[in-house]
Amino acid sequence: MLVRSALPSVRRGPQREAGRLCGAALRRRAPALLGAALALLLGCSGAAQAPAARPARVVKTPPAQPKAPEGPPLLPAQVVAELEDEDATPYFARRGDEALLLYAAGGRWRTRVIGADGAPRGDVVDAGPAAADVPVAALRAGPQGYIAAWIEQIGGSRAVRALALDPAGKPIAPASPVAQTAEEITWLDVLPNAKGALVLWEMPREDRVDVVMTVLAQDKGAAIKPTAPASVARGVLGWNAVATERGAAVALVLPPAAPPPRAQGKAARKADAEDAADAAKLGSISLLEIDAAGKVSAPVAVSPEPTAQIDLEIAEVGGRYLLTWTDERDIDSAVYLAAAEPGGKVVVAPRQATPPSGEQALVSLVAPPAGAGGRALLAWEDVLRPRGGERDGGVEAGGAGRLIHLASVGPDGALGAERAALVFSASGPPDITADGDGFAAVTLAPATLKAARDAAAAPPIWPTFVRFGPDLSVRAAEPVRAAPFAATGGVPYLVRGLSCHKGACATLASAAAGAGAQQGGAQQGGAQQGGAAKAVGARAPLALVSLPVRESAWRAPAFREDRDPPPRATAVRALAEGDPLAKVAATELDGGAALAAWVTYFVEGASDGAPRGQDLSATLAVRAASPGGLGKLNVLSQKASSLGGVAIATAPPAPADPKGKGGAAQGESVIAWVARERGETQVYVTKVDATGAKIAQKKLTTAPRKKPGGAASEASDVAIAYDGAGGFIVAWVDTRDGNAEVYAARVDRALNRTAPDRRITNAPLDAAEVQIAVRGQEAWLVWSDARPAGAAASAAGGEATGDVFFARLDAKTLQRIGDETRLHASPEHSRSPVLAPHEGGALVGWVDEPGGDDAAAGAGAASGGGGAAAGGTGGRARLVRLDDGGAMQGPPVTIEGPDGTSVSSIALACDKVCRGVLASAPGDSVALSAFTLAPGEAAASPLKPLAWLTGSASRDVSPTLAGRSGASLFFADDAVSGSGRVRWMTIAWP
């Protein structure tokens, strides 16, 4: 594999991976997952493109770099060739203790034998003519030496040629023509076996490909004899092959015979036609074998469901075939694994390879050396995971790049318990290979010294190698720097061709033309290839750089992920996909189960999705989630109000009467929401069972809404809590009396009203976002209120930005107990309050965001200098403790967003310790971070990243923790396509 820096460039030749980044894959994956995505430049515009070639494992050093760290030694290296083109591809294959280098120069193929110590053996060998345009080539070790094959373009036709080389790299005979056609050939590979080799190539057919082969028979010491081209498979979406002693095994992604059924939980959307087109790019998985004589077996179905993406990989491990791919049979794409024996018998049915973690994408499957046994390495990427962070002395925190997850896998398809993560600051896959009993990788990552933990300057992004042990612990790691690249601070321009043999690893590295060692004068400012003038006719030195296991002063861009201390996300699942979400609510049930309810975002008059004659608004739905799986998705209404929100509370099982009747075996939950009918809104309550199925429903309010000559009044911002005595208390915001005020009502378990609507607030300006909790005989309310801070401010006409207020009610009569309390007076806008009761009182949290330049300037003074790190312009969270009587215990605790980012929302749960999740907006995305606040502590714990979401930073993800343990988090997230997803995250806490 070639590991290339982030320079803006496009590889020559067609690109298979571009197909993965278009259509469904592009719409469903986060920008963090796709990165720069060089293939987008080729595959996502203009006319229909052919499936693109597999990505080369390339790391290319960025052209502009910060100053390089000084001191650590360079790596051992040997210059093995000089390339005429800095982007030319050399080919490298190991055979026993030696290896062979193949490259083109001066219109000729050149070879050179490399010894076990990495030094060249003998002179360069002329291996015959090389065409000017060779988009793809392959070099493999064979039984008699080496076999090379390539695609060359001659005029308007494409040709495939093959060349047999002896162990010294000398041609046994001139290159043999294998095939020639006027059609496109986009990919080729050589698969050696005990009797010779198979050459497979692909020919595009619009959005599909045909796979073609030839057999290269070779008698001892004789030239190869290619057979006539023969078909392997026609009209497939994707394929991958692995060489075996018997011939080859080929895994196929076959197109569906008919559009697949919609996965459960995927609501109908306006983009049905687009979804149908995306589904046509998914297929089923089959396996076939080819023997050494070229006989092709009948395909065997491995995964008949047409839900597989084309990123299929196959490897032979322990005498079995392992197949893995990205699958979309559920709402979230996931990495699937299956295993089959030679002959095609499926011994491990397709299953999800890793615990659910939101959307996943396969990166690669790396097999151990043929005949060596051992375990393969599975690499994948999670969209909803923190980006590169600091673990065990590893890479610095702060989103240093994509986080590639690693786990070993055996012939049974089971992943090992040990997990590692590798930072990769580029698109495409890193270069990974087997390394004895472990693995090795070359990646692109920030280069920092262990002693420079607090360095303020951004580190340079360099190609870096990592050696992993069998338990995926980091044996060694340091940047790829060597003397042949002195002109660029020791850092090469391109790194590719990672290989290991008997515990010794090396990689090919090349300089930019005109920036080789012969120029001298190392640039202490770092690798600045872009500034190096290229001399006319200058060549690019190609070196083989050794990657030893030795003590290093460099911080590793990898770490053991399974040692990551809590809090951390242990699983993420999507409950539903459909329209964007306005509000999510959840409640805890017995046995670790939970019910989540949500209402979609709907703008009156802005949707054309309603059938003629139907009055549709937002959708209200509920679904059960438990460790055993997800329940049925229940749509309760399509006439909900987005502004009304949704709230849910659960009552314990009802006790039986003295005669033993009337009891309930399980608890029941009540959902409060707002319906919009004929242009008017009213509060409703709906009782559901543990599966989310509706038991009963009643209208709570009947207030007249239409006003002559004015706007109709509205109900919004519902909240609900179990009252501890067999009923529920509902609170909401209502404008029936003019401005928006907080109201409350009480119902029994049968949803019959037991207390009339009661107005709680009476203020000159609007209230919003009420929340409720019941403690003993009292109901506690918090809300945001725009009333000015004091009579003087009101008389002076001062602008009210909103503060958080608190009130206590008698839980039976809903009469207010005492006066309202302003929890914090601030020039900022205080919004989105949350209330988490605990044994000694409650914790109240909210978000403060600047109301303007002046407000932002005054925020620091109001909070004792605790303004946002980003110049005082970002929002922050505040927490206030209330004792058992509702009195404030000390000043608010302020929590800034990570790295000064703006806080958008907060979720709280309190047991013996209070736990919280903070949503913040770094750039254009949303991040979730966790924290704890112990009793008596003056500050919350440092934030710990939980996930980076796929949706836009402009969306409120509405996080909510179900239950007092905080183990289940429900939130909204928008897919790249704009559709909304309700997600459930389980969290392990300290």
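Atoms considered below: every heavy atom in the structure, side chains included; atoms not considered: hydrogens, waters and symmetry mates. Just so you know, these numbers come straight off a predicted model, no measurement behind them.
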Counterpart residues, salt bridge (Lys or Arg N to Asp or Glu O under 4.0 Å), relative to [X] (two or more places apart):
X      : result
Asp723 : Arg746
Asp785 : Arg787
Asp748 : none
Glu778 : Arg808

Can you tell me which residue pairs pass the salt bridge (Lys or Arg N to Asp or Glu O under 4.0 Å) test with a partner in residues 904-933, sequence neighbours excluded?
none
Is there any salt bridge (Lys or Arg N to Asp or Glu O under 4.0 Å) pair reaching into residues 945-965, and which pairs are they, with sequence neighbours excluded?
Arg955-Asp974
Within-4.5 Å side-chain heavy-atom neighbours: [X] and [Y]:
X      : Y      : answer
Ser958 : Phe971 : no
Phe970 : Leu575 : yes
Trp732 : Ile720 : no
Leu882 : Val844 : yes
Ile987 : Val917 : yes
Tyr743 : Val730 : no
Leu809 : Gln815 : no
Arg983 : Leu928 : no

Only pairs at least two apart or in different chains count here, so list each disulfide (SG to SG under 2.5 Å) that has a residue in residues 888-939.
Cys910-Cys914
Kindly write out the residues that satisfy side chain to side chain contact (heavy atoms under 4.5 Å, CB included) with [X], not counting sequence neighbours, or none if the list is empty.
X      : result
Ala909 : Leu961
Thr619 : Thr600, Val635, Gln638
Ala921 : Ala953
Asp717 : Val733, Ala768, Glu769

Glu714 with Arg705: basic N within carboxylate O range, under 4.0 Å
no
Determine the minimum heavy-atom distance between Ala640 and Val599, stating which atoms define it.
CB-CG2, 3.8 Å
Is a donor on one side and an acceptor on the other found under 3.5 Å between the side chain of Ser902 and the backbone of Gly875?
yes
Rounded to the nearest 0.5 Å, what separates atom OG in Ser641 from atom CG in Leu620?
11.0 Å
Between CG on residue Asp848 and CZ on residue Arg876, distance to nearest 0.5 Å
7.0 Å
Which residue, Arg759, Arg758, Arg736, forms the salt bridge (charged side-chain N to carboxylate O under 4.0 Å, His left out) with Glu741?
Arg759
Tell me, please, which residues at least two apart from Tyr601 pass ring-ring contact (aromatic ring centres under 6.0 Å, His included).
none
